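Notes follow once the structure below has been shown.
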Amino acid sequence: MSAQHQPNSSIALQDGNNFYCSVEASFDPKLRGKPVCVASSGDGCVIARDALSKKLGVPMGAPIHQIPPEVRRQITFRSANFALYGDISGRIASILRGLFPAIEEYSIDENFIDLTGIPVRDHERLAAEARARILKWTGIPSCVGIGPTKTLAKLSNKRAKSTVEGVVTTMPDDPALLTYPVEDVWGVGRKLTARLGADGILTAGDLAAADVDTLRSRYGVVLARTQRELQGISCAELEEHEPQRKEIMVSRTFGKDITSQTELMQAIATFAQRACEKLRSRQLQAAGVWVFIQTNPFKHNLTQYNPSKSFRLLMPSADTREILMVAQGLAKAMFRPGYGYKKAGVSLLDLSHTDVQQGDLFAGIDQRSKAIMEVMDRTNQKFGRGSMGFASTAWRPRGKTLEKPAWSVKRDMLSPAYTTDWKQLIRVR
DNA sequence: TCTGGGGTCCTAGGACCC
DNA sequence: TCTGGGGTCCTAGGACCC
């Protein structure tokens with residue numbers, strides 16, 4: 001039976017308020033009461049703002065150098081510390097699992113909760129309890145939105161952000177839909193907002209009431225599903241188990257433009273190595289490798305060159321040596337002198353589980369490969385990432401770094417790994 | 001000077017086949 | 001003068017999400 005036919009299904013969405021900023025503040029009391037922003041990799045853009053920096057007018061995604069100096073001075077910046085955020089995220093999920101039979105970890109700061117089967121009169125009370133427990137046990141404030149579908153739960157959550165209680169329920173006939181901006185509906189982005197506006201669809205209520213066939217033919221099946229969800233008809237089920245990855249990507253914007261082929265090759269090798277580590281940590285192997293290199297799109301006066309190339313392996317592999325050589329080969333074929341490269345990435349495609357190894361008649365499985373990779377992974381696990389690496393990544397023993405490569409990423413405002421590194425555990429006197 | 005990273009899904013169009 | 005019709009597979013690009 002599909003969710004569409006389940007009567008009285010009900011879903012909640014728990015979402016940490018200003019999550020990254022809240023995590024930083026929960027570990028560093030000095031930050032409390034001050035405007036805090038979290039910066040993207042390379043310390044380039046603002047990817048999270050707390051309430052105070054929102055009030056100061058810092059826009060989401062703003063390049064830090066574009067924030068007026070008098071505003072910038074008031075803000076404490078932190079480099080994104082995903083290891084820390086991921087750890088807190090896992091703790092919040094555990095708390096929710098202790099309260100509800102089924103949850104879906106939707107993103108690092110959001111969890112869907114299945115309320116089906118729980119009496120409706122208890123929904124908001126349980127949501128409030130979850131919220132209180134998360135705050136007490138992790139220090140992270142959050143809101144909970146409730147509705148008959150994921151889209152309405154998302155919408156409720158957004159509404160809850162401006163309430164004191166932090167818990168809101170929205171049913172399809174709620175008058176709030178008539179004033180709720182369509183751009184804030186889950187699945188409606190900038191482009192769709194503009195097109196919908198031209199068609200006179202400005203609110204969630206307008207979208208829910210639009211002609212089904214016109215909407216389907218003008219905007220496609222995705223928005224048609226969103227419409228049904230707003231009408232209370234579920235089109236997206238709760239996914240308790242993470243679906244298998246289809247792609248694993250590692251890419252970076254370089255600290256400086258790269259002009260030399262040697263340096264570009266080192267960067268590509270580093271990304272390939274990291275991608276393979278991620279691959280093996282999930283017991284996966286890849287049958288395809290995709291590499292891209294890009295010039296700086298913000299330098300409008302320069303000729304742009306943004307090639308990409310892919311390669312299909314004869315047999316799926318999780319061997320860094322093999323994938324590294326393929327990735328470097330692709331990059332080498334694309335490299336043209338005379339350009340300043342600003343960003344590059346390596347993506348592993350056609351992923352499958354290593355336990356479904358397809359035998360190849362003509363190639364014996366290299367047993368040594370597995371053993372070598374295991375030794376590398378275990379060493380890096382035990383002594384820290386980067387303890388062992390490949391020469392082509394310009395890897396150097398830890399603590400003996402000669403000079404930082406031009407493409408290394410800036411993270412000057414990083415908070416300590418409070419929860420994931422023994423040496424950096426928080427001290428309480 | 002300085003502008004994130006990592007994903008998914010859908011669609012259109014071309015190649016190829018019968 | 002007059003140009004088939006489906007089907008599949010693949011890829012590139014667009015849109016969205018956090």
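Just so it is clear: chains get the letters A, B, ... in the order the sequence lines come, proteins before strands, and each one is counted from 1. From a predicted model like this one, the values you see are computed outputs, not experimental measurements.
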Please report the distance separating the C1' of dC16(B) from the corresponding atom of dG4(C), rounded so that it comes out in whole Å.
16 Å
Side chain of K342(A): nearest nucleotide among dG5(B), dG6(B), dT3(B)?
dT3(B)
With a 4.0 Å cut-off, would you call R312(A) and D350(A) a salt bridge?
yes
From dG6(B), dG5(B), dC2(B), pick the nucleotide closest to the side chain of M249(A)?
dG6(B)
Pairwise distance OG(S308(A)) to CG(N306(A)) - rounded to 0.5 angstrom
9.5 Å
Can you measure K158(A) atom NZ to dC18(C) atom C1' for me and round it to whole angstrom units?
13 Å
Counting only side-chain N and O atoms of S40(A), is one of them less than 4.0 Å from OP1 or OP2 of dG5(B)?
no
In this structure, how many angstroms lie between the P atom of dG5(B) and the OH atom of Y85(A), rounded?
15 Å
At under 4.0 Å, does any side-chain N or O of R225(A) touch on OP1 or OP2 of dC10(B)?
yes
For G187(A), report the nucleic acid contact type (base, sugar-phosphate, nothing); a contact means any heavy atom under 4.0 Å.
sugar-phosphate
Between CZ of R245(A) and P of dG5(B) the distance, given in whole Å, is 17 Å
With sugar-phosphate meaning primed atoms plus P, OP1 and OP2, does Y106(A) contact a base, only sugar-phosphate, or nothing at under 4.0 Å between heavy atoms?
sugar-phosphate
Among the nucleotides dG6(B), dG4(B), dT3(B), which one has an atom lying closest to any side-chain atom of S251(A)?
dG6(B)
When you measure from the side chain of K191(A), which nucleotide among dC10(B), dC16(C), dT3(B) comes out closest?
dC16(C)
E247(A) CD to dT11(C) C1': how many Å, rounded?
13 Å
R252(A) side chain N/O closer than 4.0 Å to the phosphate oxygens (OP1, OP2) of dG6(B)?
yes
Paired and unpaired positions of DNA chain B as dot-bracket, Watson-Crick or G-U wobble under 3.5 Å, | denoting a partner strand:
....||||||||||||||
K342(A), NZ: over 12 other non-hydrogen atoms inside 6.0 angstrom:
yes
Mind checking if D109(A) touches a base, just sugar-phosphate, or nothing, with heavy atoms under 4.0 Å?
sugar-phosphate
Which listed nucleotide (dG6(B), dG4(B), dC10(B)) is nearest to the side chain of C45(A)?
dG4(B)
Under 4.0 angstrom, heavy atoms only, what part of the nucleic acid is L192(A) near: base, sugar-phosphate, or nothing?
sugar-phosphate
Are the ring centres of Y106(A) and W186(A) closer than 6.0 Å?
yes
Between R190(A) and dA15(C), is there a contact of a side-chain N or O with OP1 or OP2 at under 4.0 Å?
no
Picking from dG5(B), dT8(B), dC17(C), the nucleotide nearest the side-chain atoms of K154(A) would be dC17(C)
Answer yes or no: are there more than 12 heavy-atom neighbours, outside R32(A) itself, under 6.0 Å from its atom CZ?
yes
Quick check on K309(A): does its NZ atom have over 12 non-hydrogen neighbours (other residues, nucleotides or ligands) under 6.0 Å away?
no
Picking from dT8(B), dC10(B), dT3(B), which would you name as closest to the side chain of V221(A)?
dC10(B)
Answer yes or no: does a side-chain N or O of K343(A) lie under 4.0 Å from OP1 or OP2 of dG5(B)?
yes
Ring of W186(A) versus six-membered ring of dC17(C): centres under 5.5 Å and planes under 30°?
no
Hey, can you tell me if Y305(A) and Y339(A) have their rings parallel, tilted or perpendicular (30° and 60° cut-offs)?
parallel
Measure from CZ on F311(A) to C1' on dC10(C) and round the result to the nearest Å.
17 Å
Phosphate oxygens OP1/OP2 of dC17(C): is one of them under 4.0 Å from a side-chain N or O of S107(A)?
no
Would you mind reading off the distance between N306(A) atom CG and dA12(C) atom P, rounded to a whole angstrom?
14 Å
dG7(B) P sits how many Å from F292(A) CZ, rounded?
12 Å
Residue-phosphate contact under 4.0 Å: K246(A) side-chain N/O, dT8(B) OP1/OP2
no
Looking at side-chain heavy atoms only, is the closest gap between L348(A) and W290(A) below 4.5 Å?
no
Give one of base, sugar-phosphate or nothing for R72(A), where a contact means two heavy atoms less than 4.0 Å apart.
nothing
Integer-rounded Å distance: dC18(C) P and Q14(A) CD:
14 Å
Surrounding CE of M373(A) (heavy atoms of other residues, nucleotides or ligands, distance under 6.0 Å), is the total greater than 12?
yes
Whichever of S41(A) and R216(A) has its nearest DNA chain B nucleotide further upstream toward 5'
S41(A)
